[in-house]
Amino acid sequence: MLPTSEKKKWMYENMLVSRFFEEAMETIYMEGKTPVFNMAEGPIPGEMHLSNGQEPCAVGVCAHLKPSDVVTATHRPHHQAIAKGVDLKLMAAEIFGKKTGLSGGRGGHMHIFDADVNFACSGIIAQGLGPAVGAALSKQMKGDDSVAVAFLGEGAVNQGAFHESLNLAAVWKLPVIFVIEDNSWGISVSKADSTAVKHNAVRAQAYNMPGRFIADNDPIALYDVAGIAIEDARAGKGPTLIEVETTRLAGHFMGDAEGYRPDGELDRLKSKDPIVRMKNLLIDEGVITDDENLQITQKAQKLVDEAIEFARESDYPEPAEALDKVFV
Amino acid sequence: MLPTSEKKKWMYENMLVSRFFEEAMETIYMEGKTPVFNMAEGPIPGEMHLSNGQEPCAVGVCAHLKPSDVVTATHRPHHQAIAKGVDLKLMAAEIFGKKTGLSGGRGGHMHIFDADVNFACSGIIAQGLGPAVGAALSKQMKGDDSVAVAFLGEGAVNQGAFHESLNLAAVWKLPVIFVIEDNSWGISVSKADSTAVKHNAVRAQAYNMPGRFIADNDPIALYDVAGIAIEDARAGKGPTLIEVETTRLAGHFMGDAEGYRPDGELDRLKSKDPIVRMKNLLIDEGVITDDENLQITQKAQKLVDEAIEFARESDYPEPAEALDKVFV
Amino acid sequence: MENERKLTIARSMAEATAQEMRRDENVFVMGEDIGQLGGVYGNTRGLIEEFGSKRIRDTPISETAFIGAAVGAAQDGMRPVVELMFVDFFGVCFDAIYNLMAKNIYFSGGKFKVPMVLMTSGGGGYSDGGQHSQVLYGTFAHLPGMKVVCPSNAYDAKGLMATAIRDDNPVVYMYHKSLQGMGWLGTEQGATVHTPEEEYTIPFGEAKIVKEGSDVTIVGVGLGVHNGLKAAKLLEEKGVNAEVVDLRTLVPLDRDTVFNSVKKTGHLIVVDEDYQSYGLTGEIIATIAERDITALKASPQRVAYPDIPIPFSRPMERFALPNPEKIVNAYAKMKEQ
Amino acid sequence: MENERKLTIARSMAEATAQEMRRDENVFVMGEDIGQLGGVYGNTRGLIEEFGSKRIRDTPISETAFIGAAVGAAQDGMRPVVELMFVDFFGVCFDAIYNLMAKNIYFSGGKFKVPMVLMTSGGGGYSDGGQHSQVLYGTFAHLPGMKVVCPSNAYDAKGLMATAIRDDNPVVYMYHKSLQGMGWLGTEQGATVHTPEEEYTIPFGEAKIVKEGSDVTIVGVGLGVHNGLKAAKLLEEKGVNAEVVDLRTLVPLDRDTVFNSVKKTGHLIVVDEDYQSYGLTGEIIATIAERDITALKASPQRVAYPDIPIPFSRPMERFALPNPEKIVNAYAKMKEQ
Ligand SMILES: Cc1ncc(C[n+]2csc(CCOP(=O)(O)OP(=O)(O)O)c2C)c(N)n1
Ligand SMILES: Cc1ncc(C[n+]2csc(CCOP(=O)(O)OP(=O)(O)O)c2C)c(N)n1
Ligand SMILES: [Mg+2]
Ligand SMILES: [Mg+2]
């Protein structure tokens, strides 16, 4: 299933928005945190997991999704949220802890929830898998052709929830797709040190489920495979496991000194930056011109700038609002 | 790896002890529970999971074990305990809740612990897998060639602990063997309704680990495969997963009306009683004569009778002993 | 009583569930052995016959996945009723409960609803050992974001179940095995009471004074209420008039009713089958003490499970469980001081 | 102080662990990112360099398996120190903790020992959101079979860690991120104190009066102790002489020291960062009230986390957290009544 030029452009634009968003995060996060790095300080306190380099995983899948499709995302959720169509301003405001944020500041960066586009995420490894299975069950019971997608890291694959969720999805033939973003690191622990198989796609065999491997962080190949998986799911053919070889271009979280990375790894990965490759591909294929690229880039940057501005200018919640929304 | 005649005899004897023990349990359990069945009453209160029909799984593996090898067992533990060499009298006394029991009556039927032969069990599905991995790690760190064996049911395979434990064992190349007793039922839920694959042995592929399937409840075939697995483990070659097709000849627990069993299933299973088959095999092969069989049978029955008598005659603990042994 | 319709808690739970399933096609049930078996504790009996296996779904032994799935389905507009067979098993899936089910409403700023019921059995007294006899009320009630319901009788059980299923928030419905009316567990007769066939709801957060009295307030929940009532009978023989309060829900907790009762009687005994320390009994005592210490005319007492794993053997288990005599003794101790 | 040797809690934990590893070859460490990274909270820093990757083992993200494995290794004669990176993650592996680690000694009638330490970080205040900021003391302390340690300073942290590792019982060692001395979390300076290089142990179950006083007893643990000390300073300005008690271990709990202090001061405030209801604050208040209600000259007060999931946004989180001012206000409220 090959993407149209329109789709390719959408994917590229979306990747750019995502990257620019992360770059903004990177800068703003450090405000108030120098000279002494203190996670509690600045306009964006707390942990911050950036998705730089992993954009292909999100766009290759979400290019096929409609708002009623459900996505459960990870602790590293920005690219996934953006690709799913979460409102950028409201998300930025949430990350700043503002009253205008998606959840009025109760959630923060690891808890991006957008009911309008059925997006949720979590700070607990593999926690989103069960809910994705349940959303798929709901779709199946309602006779709706919507699907659910659960994103997870390769480190999360070794969590029991992975096994239980894939088995359940397969037994009930649910319309759910599990997408592993394999950046080969779980914080400082390498995949080789934590995982008994070389390719997690192999593990699909344990659930009698198709397992697909996408090499080299390739959004086009992923688009193809995800498209088939989602089409199958909509058609009642059950779940698929997709493993995407991707790259974490930042530290695990902001402040990570990354002493555990082998020498040269980061340079090697950066030389394969998926944004640059996607741009080159689109230009080489004649999908966009250099001029159009400039426009697209500027538009993406503007979207991000406006979101950040909205977030900055919004008010903080009243302290006592902490007590609201425990129950609906 | 074929069993010697001695081993075969040991296996048969052990299976008989196990079966006679369960038959005794079956009778005694009902004391005080008629005409009204009340689990709280009688000399053996609480849940009671019998292992009738599953004896091959225990003897085929434990025939290779020495006392320093560790076994973690299930909620259906009697055959496993007996095959591992747990003291029958002390175990019986524990199941009766007597002071002389293995744990002074604190554990009961689902919590059989014998430090002398390194046997432990648990009432929580798949809970023993982590501890078996840890015991194997301990052996590996000490440079001891002992191994660990974790027994589990086919229903337990769908618990997250299975996945995490097998992966960890494989990554660390630990001397541990996972033995699935597939009796095709998890209480009233059939394997077909709960498990995405036909054979759980396939799931070994997800851990880069050998996965072996033993058909038809065959203790000799299991002896062979388990022998190789244990030899490999002792030699530092890492873990193995073994799936044994077995039969649950009793209800899930005493009192189970088994309305969920398809008509005729139980008769079919009973016609393949492994005790009878083992006896026939040994006689056909000339390992034992009919006379010897009678002696073996009587000896096994006597062992059980003595254990039950010991348990019956032992005193109950003082009530306030409940407060002891929370900490050592 | 004329037209009396005595139901066990098991049957009243199943009846409420069936009625809610008829009202709302989004209600469905998931769990281990809740289909053809009708639930190990009988509370889903008859449902698969009426509603079929699409809405009454047996699950694999994968609590993390199916409770997580219930959350996902609830967020997508369904109203799952999901069973954790024994509350003792919560350890294999508590993240999906306390960190997911209980928090997603808050994390989403109220934009996601999580209308689900997690029903689970608890309680000992029948020698099922230390991993099958716990109540664990305190652990669930301590953590925010989930309502916690513990019925003591069939009438309440039905109305509380209907309320739970209609609630847009996650509700943990903790039923006590000894009250369930399953003969094979030994049954507290007092739990099997008249239960109307028609639908009704009982609001959360309203404790019930099940016996009025003037001398001492006995507070309990689930089986504890029956222990309290029996103790009240024994105390009556000694000329002591006890008031017995059934909390019915631990979250929300009706602190006012307890406080007003203690204000009246001046004396407080809290009964709980959960481990004593850091739990329900402490909370109730603190609730009164912090509000007005002068309400307490004597040192309040607690009759709870000691801080030990639950022993299998009958004499030891009996020793550890709360019972009416212990409550009577607690009263004596309180008056001695 | 002469020869002062100020250590952070992170360093003192690592030092105690290293000393115990030198004493006993059966001690080893497992957990996520505890190897080359030295632990997200620094408490295993330097260990892999000295002891190598066989004894300092990074694990997959498989808490159920590796904590279960620690139990199996401990039962086999090893002495594992295992880390659960954030206590908030306990939900994915609590069965291995509360139902296995904590109960096997009892289930085996004391024939199996389970000499292991589960260390885990807790605490908020730096906007890490509702799944990375909890302390959950009450949940662990409520369930029997595990000792629970919560150091408030580096001196105690070291001695308590040595005691924990030498104990033949399972010990949950809960350290507070804000006390850890990692600059990037904002650090309570009072936790970084003189810590001797030589080995020493601190017995469990001995609370410490960290400031003597006569007018009110402030009881806390971990960061709560520092809030208590700061409140005591503020109260001093108002002429109130507060006594501050550091519980140090929640299991075993030194009820005598708390009682004797309240007996002396007549007034009690309990500080806790854990959710208020059904937890530590209730337990401490009940402990005094049940022993002798007359010890309390006014209604005891609690300053705890409200029963809400932890909000991310700074103003809301600050609003919810305990702090010295709230303690001072609680004192005022107590005296008003
Ligand atoms: C159950 C649980 N265990 C541990 C953590 C701590 N943790 C947060 S992110 C992370 C690494 C995750 O690795 P991976 O799944 O590969 O995702 P990545 O960070 O590489 O995107 C860990 C261990 C957690 N959040 N939840
Ligand atoms: C975590 C957990 N979930 C559920 C149960 C209840 N339970 C006890 S035995 C059982 C069925 C187990 O099936 P299987 O593993 O196949 O073993 P079998 O009983 O067939 O020997 C279940 C669901 C439990 N003890 N622990
Ligand atoms: Mg990763
Ligand atoms: Mg089975």
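Residues A/Val179 and A/Leu152 have side chains not in contact (no heavy-atom distance under 4.5 Å, counting atoms from C-beta outward). Using a 4.5 Å cut-off on side-chain heavy atoms (C-beta onward), A/Leu241 and A/Phe162 make contact. Within the 4.5 Å cutoff, the side chain of C/Val27 has heavy atoms near those of the C/Val81 side chain. In this structure, the side chains of A/Phe21 and A/Leu88 come closer than 4.5 Å at one or more pairs of heavy atoms. Looking at heavy atoms from C-beta onward, A/Leu65 lies out of side-chain contact with A/Val70 at the 4.5 angstrom threshold. Using a 4.5 Å heavy-atom threshold, the side chains of A/Glu243 and A/Arg203 count as separate. The closest side-chain heavy-atom distance from A/Leu90 to A/Phe310 is below 4.5 Å. A 4.5 Å side-chain heavy-atom check between A/Ile308 and A/Phe96 finds at least one atom pair inside the cut-off.
For C/Phe140, the ring pair (Phe, Tyr, Trp, His ring centres under 6.0 Å) partners two or more places apart in sequence, or in a different chain, are C/Phe90, C/Phe94. Partners of A/Glu309 by side-chain hydrogen bond (donor to acceptor under 3.5 Å, both in side chains), not counting sequence neighbours: none found.
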message: Does C/Phe66 form a side chain to side chain contact (heavy atoms under 4.5 Å, CB included) with C/Val82? I'd like the steps, not just the answer.
response: CA-CA 8 Å; C/Phe66 73 74; C/Val82 60; 3.5 Å; yes
- request: Tell me, with the steps shown, if C/Met146 and C/Val251 meet side chain to side chain contact (heavy atoms under 4.5 Å, CB included).
  value: CA-CA 7 Å; C/Met146 46 192 163; C/Val251 179; over 6 Å; no
message: What verdict does the side chain to side chain contact (heavy atoms under 4.5 Å, CB included) test give for A/Val176 and A/Val149, after you've listed the backbone C-alpha separation in whole Å, the side-chain angles of each residue and the deciding distance to 0.1 Å?
response: CA-CA 6 Å; A/Val176 53; A/Val149 174; over 6 Å; no
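With a 4.5 angstrom heavy-atom cutoff, C/Met30 touches chain A only via side-chain atoms. Heavy-atom distances place no part of A/Ala132 under 4.5 Å from chain C, backbone and side chain included. Heavy-atom distances place the side chain of C/Phe28, and not its backbone, under 4.5 Å from chain A. Contacts between A/Leu129 and chain C at a heavy-atom distance below 4.5 Å are absent for every atom of the residue. For A/Val326, the parts sitting under 4.5 Å from any heavy atom of chain C are the backbone and the side chain alike. Proximity to chain C (any heavy atom under 4.5 Å) is shown, for A/Ala150, by neither the backbone nor the side chain.
Chain C is approached within less than 4.5 Å, heavy atom to heavy atom, by no residue from residues 76-83 of chain A.
Among A/Leu137, A/Val133, A/Ile112, the residue making the largest number of heavy-atom pairs under 4.5 Å with chain C is A/Leu137. Most heavy-atom pairs under 4.5 Å with chain A, from the set C/Gly68, C/Pro115, C/Ala74, C/Pro60: that is C/Gly68. The most heavy-atom pairs under 4.5 Å with chain C, out of A/Ala161, A/Ala135, A/Gly101, come from A/Ala135.
Judged purely by atom type and a 3.5 angstrom limit, A/Glu22 uses its side chain to pair as donor or acceptor with the backbone of A/Ser51.
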Step through the atoms of chain A and chain C and list each donor-acceptor pair whose separation is under 3.5 Å.
residue	atom	partner	partner atom	Å
A/Leu102	O	C/Lys111	NZ	2.5
A/Ser103	OG	C/Phe107	O	2.6
A/Gln127	NE2	C/Asp95	OD2	2.9
A/Gly130	O	C/Ala69	N	3.3
A/Ser138	OG	C/Asp76	OD2	2.6
A/Lys139	NZ	C/Asp76	OD1	3.0
A/Lys139	NZ	C/Asp76	OD2	3.3
A/Lys142	NZ	C/Asp76	O	2.3
A/Lys142	NZ	C/Asp76	OD2	3.2
A/Glu164	OE1	C/Thr64	N	3.0
A/Glu164	OE1	C/Ala65	N	3.0
A/Ala322	O	C/Tyr106	OH	2.7
A/Val328	N	C/Asn169	OD1	2.7
A/Val328	O	C/Asn169	ND2	3.2

